[in-house]
Amino acid sequence: MKKNIIAMNASIMIGLGSILAAPSVYAESISDLEKQKESIQEKRSGVESNISDTEKKIDNLQDKQMTAEDQIAAIEAKIAESAKKIDAKNAEITQTKKEIEALKEEIKVLKERIAKRNEVLKERALSFQETGGDVNYLEVLFGSSSFGDLVDRVGAVATIAEADRDILKQHELDKKDLEEKQNAVETKLASLEVAKAELLEIQKQQKQQKQEKDALVKKLKQQTEKHEHEKMGLEEEKANLAAQEKAIKSAISLEHQRLAELEAARKKAAAEAKKRAEQEAAQAAAQAASQASESKKQSTSSGYSAKSNSSSSSSQPSSNVSQAPAPAVSSGTFTRPSAGYVSSTMGERWNKQHAGIDIAASGTVPIVAAADGVVSRSYFSSSYGNVIFVTHSIGGQQWTTVYAHLNSRQVSEGAVVAKGQQIGIMGNTGHSFGQHLHFELHKGAWNYSKSNAVNPLDYIPN
């Protein structure tokens, strides 16, 4: 009997040992979760720094863009001023050409006048040649009938000679005036044409400068858009890291709760075991004493041995029956998130990196969690559509699964989900072409560059 009591106490102590050993395992898990939380906090700090740097780049680009636009406005003003000057030169050129046309008419008249004078001079020369010049004048003088007539004839001769000299003088003046006018208008026209050519060259250079500034502004806008898109991605990453940190904190809280419950159960089990051992020991001692007393009192009577029977009952928890279209929950680390066929694998697609796989199916198709975890995000994204992020802590390693383009979401942020639990319905929301599930698996936290993405087909059943 003494041996039986010792064996019973040994089995109780072994049971207690297994219970007492459990908290250290969970403490290690909490330590891993704390490290993951610190890692996420460091990443958040890095992402916030990147966002700040990106904002500075955007501000710098916008300043350059504003400067370039101001320069373009100044160049456009100069181009407009040059255009006015060119218009003015064109007007002057037009006016000068009109003057040239008018001068041509004057030249025509002048030429006719000169031609007539030439005829008169020719006649004078012919008369001089035929009469011998001075003789002609003498005949005029000696042919006078009286002194008065002589005076008149002398005056007439002087007048004719003076007229000839005037004709010659005017002839020379008209020719000189004609040459000066021609030279003046031709010089003026040439000068205007040169000035116009210079203005056109200046305007050409100004337009070239404007084209260069327009190209610079376009480039700056493209760079700004690129950095703004990058900033949006970093802000998305920051939001996901914040959600993952919240999920890790929730997991730590759950672990502490489990530890507290386990410690309470351990203490209760230890107390019950100790009490049971004491009761059974006392009962065994009492039975032994009773048997010894009875054997002395009744030497002829047959020995009596008391036996006690114990019974226990256990109940099996009812198993949850999965919805018909949902895939069976596999025994691996991750289970398949939905039924259907893999329509697109991970890799290069449309000149972009496809960071996950697509599983397509028709009808109402349930989406399930690939592993136990905490929902870090559940929202609508312009690219992912209805999307759910689940953070997992498996063997000290953080994982993140992404379920995108859902028709509907059935879990919210902070929810604790079990492997194979339905979290949504397959859909065609966001940047999607046809009903399917876009599923991503990240070994670590999700980030904008998706550098932690791994091929889900290496981890889930095909």
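Counting from 1, the numbers follow the sequence of the chain as shown.
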Applying side-chain contact (heavy atoms from CB on, under 4.5 Å), run through Lys196 and Asn90 and close with a yes or a no.
CA-CA 7 Å; Lys196 177 183 175 182; Asn90 284 329; 2.9 Å; yes

Donor-acceptor pair, side chain of [X] and main chain of [Y], under 3.5 angstrom:
X	Y	result
Asp358	Ser344	no
Asp87	Ala91	no
Arg336	Ser338	yes
Lys419	Ser330	yes
Thr67	Asp63	yes
Thr400	Thr391	no
His405	Tyr384	yes
Tyr403	Ala370	yes
Gln62	Thr224	no
His354	Gly356	yes

With side chains defined as the heavy atoms from C-beta onward, is the minimum distance between [X] and [Y] less than 4.5 Å?
X	Y	result
Lys64	Val217	no
Thr54	Leu234	yes
Lys275	Gln279	yes
Glu228	Ile58	yes
Ile423	Val368	no
Leu441	Phe334	yes
Lys219	Gln223	yes
Asn407	Asn386	no

So which heavy atom on [X] is nearest to which on [Y], and how close?
X	Y	result
Ile357	Met346	CG2-N, 4.0 Å
Ala355	Ala453	O-CB, 3.8 Å
Ile388	Val375	CG2-CG1, 4.1 Å
Ser362	Val365	O-CG2, 3.4 Å
Met426	His436	CG-C, 3.5 Å
Ala339	Pro327	N-CD, 3.6 Å

Distance from [X] atom [atom1] to [Y] atom [atom2], nearest 0.5 Å?
X	Y	atom1	atom2	value
Glu186	Ile100	CD	CD1	7.0 Å
Asn452	Gln398	CG	CD	9.0 Å
Leu199	Leu192	CG	CG	10.5 Å
Leu61	Lys56	CG	NZ	14.5 Å
Asn428	Leu406	CG	CG	11.5 Å
Glu440	Lys450	CD	NZ	4.0 Å

Please state whether the rings of Trp446 and Phe389 are parallel, tilted or perpendicular, taking 30° and 60° as the class boundaries.
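If you compare the ring of Trp446 with that of Phe389, the planes turn out perpendicular.
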
Could you check Trp399 against His442 for side-chain contact (heavy atoms from CB on, under 4.5 Å), going step by step and ending with a plain yes or no?
CA-CA 6 Å; Trp399 297 81; His442 299 261; over 6 Å; no

Check the pair Lys204, Lys207 against side-chain contact (heavy atoms from CB on, under 4.5 Å), reporting the backbone distance first and the verdict last.
CA-CA 5 Å; Lys204 180 181 177 182; Lys207 288 181 177 179; 5.8 Å; no

Is it the case that [X] and [Y] place a side-chain donor and acceptor less than 3.5 Å from each other?
X	Y	value
Thr187	Asn183	no
Ser82	Gln206	yes
Thr401	His392	yes

Going by side chain to side chain donor-acceptor pair (under 3.5 Å), name the residues that satisfy it together with Gln65, two or more places apart in sequence or in a different chain.
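Once residues adjacent in sequence are excluded, the partners of Gln65 under the side chain to side chain donor-acceptor pair (under 3.5 Å) criterion are Glu69.
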
Checking Asn50 now: which residues fulfil side chain to side chain donor-acceptor pair (under 3.5 Å) with it, not counting sequence neighbours?
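Testing Asn50 for side chain to side chain donor-acceptor pair (under 3.5 Å), a comparison that skips the adjacent residues, returns none.
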
Whether Glu81 and Lys85 form a salt bridge (side-chain N of Lys/Arg under 4.0 Å from carboxylate O of Asp/Glu) is what I want to check.
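Salt bridge: yes.
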
Is any NZ, NE, NH1 or NH2 atom of the basic residue among Lys218 and Asp214 found under 4.0 Å from an Asp or Glu carboxylate oxygen of the other?
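Between Asp214 and Lys218 there is no salt bridge, as every charged N stays at least 4.0 Å from the carboxylate O atoms.
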
Under the side-chain contact (heavy atoms from CB on, under 4.5 Å) rule, what do Tyr448 and Lys238 come out as? Steps first, then yes or no, please.
CA-CA 9 Å; Tyr448 174 63; Lys238 177 184 174 182; over 6 Å; no

